[in-house]
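Reminder, nothing fancy here: chain letters follow the sequence lines and each chain counts from 1. Basis for what follows: all heavy atoms, side chains included, without hydrogens, waters or symmetry-related copies.
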Protein chains: 2
Amino acid sequence: MFNNPEVVNAQTRELILSTAARIGYLPNESARTLATKRSHMVGLIWDTDHRRPGWRHPFFQEILIGLKTALSERGYHLLMLATSEDGTPDSFLRAVRRHNLDGVVFIDNGRADPSLQPLAESEVPCVSLDRPVRGPWTTYVTSDNVGGAREAVRHLHAIGRRAIATITGPAGTRPGAERLRGYLDELAALGLAHRPELVVEGDFYLSGGHTAMRALLELEERPDAVFAAGDEMAIGALRAVTEAGLKVPEDIALVGFDDIELAALVPPGLTTVAQDKAGFGTAAAAAVITMINEGATPAPRILPTSLVVRGSTG
Amino acid sequence: MFNNPEVVNAQTRELILSTAARIGYLPNESARTLATKRSHMVGLIWDTDHRRPGWRHPFFQEILIGLKTALSERGYHLLMLATSEDGTPDSFLRAVRRHNLDGVVFIDNGRADPSLQPLAESEVPCVSLDRPVRGPWTTYVTSDNVGGAREAVRHLHAIGRRAIATITGPAGTRPGAERLRGYLDELAALGLAHRPELVVEGDFYLSGGHTAMRALLELEERPDAVFAAGDEMAIGALRAVTEAGLKVPEDIALVGFDDIELAALVPPGLTTVAQDKAGFGTAAAAAVITMINEGATPAPRILPTSLVVRGSTG
DNA sequence: AGGTTTCATGCAACCGGTTACATGAAACCG
DNA sequence: CGGTTTCATGTAACCGGTTGCATGAAACCT
């Protein structure tokens, strides 16, 4: 009755529903789940290593809100899965099976986590963020890292800079690699020479950006612009430039990536490639629900980025 | 058997467990929940108004990790409850009943939210953060806002400041009111006169701090120190001081509250009253589990704060 | 040894839904 | 009008655990 309302005639249905409301009837989700093997719950795996302080994705909250809102509009709830105490690699898969979760979303730090593999290889619909995962029922959502990086470099070129350096993400992270690719592609497209000494590896954090910038400033022919593959690194770089007695953007123009809250707040304002944070959540929700309901694996979703120009590029 | 292992003898138990592991037996949580009416899940209500961008509690992630970790150690999972589409005031309560949730934690913005009232008045164990809630099975976790504020003022006095102003939280928020109380109490304890014009209301955000500071700078006898009831406001105030051509800490010493990540990053470093973020999560978890298992309502938990001294107070 | 108590084990009902199937009434056919 | 098809409604089994009770064996008593 509550699943196929059309099988009973309208008048009877009306009576039932009004009575149900009157006496406060509430369907029991556990009974429904037990009978149908569908829980209308999606698992969220985040921070797989609970000993570490958790990956400080700077806009986790916004992703989470988007995800939660989009799921709830379709009648799904979000269950946060904890790493189980035993630490066996299939602990997530077991938790999913025990709870009859209909699908899973994972947010890791952009590196492959072995404890997710059993899940990915199972029949459980999985959506990962920022990184493809190998498995029959998996897809992922990511930003257009290559395109965003290209736009950043193009912007620096457009304001007259020619010695454009980059501070990359750590080797082995997917977003880091893609943003580097975009940097190189755009240099080539603009006809600028690729100077290997202008590519310095960072760690996505403030200190890594600071260190990398100092290295760049010590070059004989120092750059007049830097594209940092993350805002925190860009802010670290900004500090290093200031400490060296140079000015942003006069001496060095700076572009970051992410558009974290701080980017707008740090003087003189950080130009950056904004990611669609809420879009991550809604796209992930849409993908997992498609898998659940249609039984088809949607193609990876590449979200567009947008350049936000602030004081650090004039 | 899986609930009372001691009722069968050790050898048999061993056999069962090993066989269970071998054939990959997994207990079905829905069946268990249906039979026992206990789901081993705790609901999380956060961001009750899903039309707004969500309350940007600056350390939501840390609270969440603490909560999730502490709950999972006791065998509980966290279900994020979405505001239901119908918007009726008892929608949360209905969701809790449908899922047989064992308890609920809510993180709101420090103001009473009417949609939480039916839940609070029910038999469901509820723990709220930063704010007491009226109901038979409710308790709360908060920081020692009064004590923290007093320590901040005492510190400013200790470094020689005597004209100590405060930028408060918005009227009507509990933490805001308590921090103001601490400010006033400590002034009295130190024998400093309370000058009403040195108390300016803010909004917990950057812009409010900025505006409030400008008002303070226009006073005839301007303060030589400011205690802001939140770090974001303190940073806004810092900016206003700098813009006015004055120096922190030489002309104005500044203390904030919260210890958000940014506090350490903004030059010259913000002295602030640090809250125990992870402690919020673990304390909330402990409280809700006590209510569930012991059937007793624990007393409100007041977490100690600690003063972190940085450049803004010399 | 016969009768009673103690305890382990097996069995069946139950939790609250879903679903496949049986039943019976109404609508249709020649 | 008898026989078949169509459709609505009622019934019972099932999902996979938990729990209270009945059963029967072992241990105890006089």
Side-chain angles (χ1 to χ4, degrees), chain A residues 1-43 74-77 79 81 84 90-91 93-103 122-125 289 292-293 295, chain B residues 1-43 74-77 79 81 84 90-91 93-103 122-124 292-293 295:
Chain A
M1 149 66 198
F2 285 95
N3 314 297
N4 292 35
E6 62 280 2
V7 303
V8 310
N9 82 51
Q11 201 174 350
T12 316
R13 190 192 324 161
E14 195 52 45
L15 174 65
I16 295 179
L17 290 177
S18 71
T19 313
R22 193 166 45 74
I23 66 175
Y25 167 77
L26 288 178
N28 181 309
E29 294 296 334
S30 306
R32 185 202 297 251
T33 300
L34 179 60
T36 61
K37 303 191 180 317
R38 304 184 78 230
S39 62
H40 298 276
M41 289 197 250
V42 169
R74 320 279 202 96
Y76 284 80
H77 288 262
L79 183 68
L81 290 180
S84 97
D90 63 340
S91 73
L93 179 54
R94 291 209 316 274
V96 167
R97 292 247 168 84
R98 288 171 67 129
H99 291 274
N100 283 298
L101 297 186
D102 297 339
S122 75
E123 77 296 344
V124 178
I289 287 174
I292 293 169
N293 289 335
Chain B
M1 149 66 197
F2 285 94
N3 313 299
N4 292 33
E6 60 282 3
V7 302
V8 308
N9 82 51
Q11 201 174 351
T12 315
R13 191 193 323 162
E14 195 52 44
L15 175 65
I16 295 180
L17 289 177
S18 71
T19 313
R22 193 166 45 73
I23 66 175
Y25 167 78
L26 288 177
N28 182 310
E29 294 296 335
S30 306
R32 184 201 297 250
T33 301
L34 180 59
T36 61
K37 303 193 181 318
R38 304 183 79 227
S39 62
H40 299 273
M41 289 195 254
V42 169
R74 320 279 201 96
Y76 283 80
H77 288 262
L79 183 68
L81 290 179
S84 97
D90 64 341
S91 73
L93 179 56
R94 291 208 317 274
V96 167
R97 293 247 168 85
R98 287 171 66 127
H99 290 273
N100 283 297
L101 298 186
D102 298 339
S122 76
E123 78 295 345
V124 178
I292 294 169
N293 289 335

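- At a threshold of 4.5 Å between non-hydrogen side-chain atoms, the residues B:V96 and B:L81 count as touching.
- Between A:H99 atom NE2 and D:dG17 atom P the separation is 13 Å, expressed in whole Å.
- Residues B:H77 and A:H99 meet the side-chain proximity criterion, which asks for heavy atoms closer than 4.5 Å.
- Atom CG of A:L26 and atom C1' of C:dG17 are 13 Å apart (whole Å).
- The side chain of A:A31 sits closest to C:dG17 out of D:dT18, C:dG17, D:dG17.
- Between the CG atom of B:L34 and the C1' atom of D:dC15 there is a distance of 9 Å, given to the nearest Å.
- In this structure, the CZ atom of A:R38 is 23 Å from the P atom of C:dG16, given to the nearest Å.
- The nearest whole Å value for the distance from the CG atom in A:N100 to the P atom in C:dT18 is 14 Å.
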Checklist entry - Run the side-chain contact (heavy atoms from CB on, under 4.5 Å) check on B:N28 and A:L34 step by step: do they pass? => result CA-CA 8 Å; B:N28 182 310; A:L34 179 60; 4.2 Å; yes
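- Under 4.0 angstrom from either OP1 or OP2 of D:dG16 there lies at least one side-chain N or O belonging to A:K37.
- Of the options B:R74, B:H40, B:R38, a side-chain contact (heavy atoms from CB on, under 4.5 Å) to B:I292 is made by B:R38 and by none of the others.
- In this structure, A:R97 places its CZ atom 19 Å from C1' of D:dG17, rounding to the nearest Å.
- Remark: P of C:dC14 and CZ of B:R32 are 22 Å apart, rounded to the nearest angstrom.
- Spacing between atom CD of B:E29 and atom C1' of C:dG17 amounts to 18 Å, rounded to whole angstrom units.
- Out of D:dT18, D:dG17, C:dG16, the shortest distance to the side chain of A:N28 is found at C:dG16.
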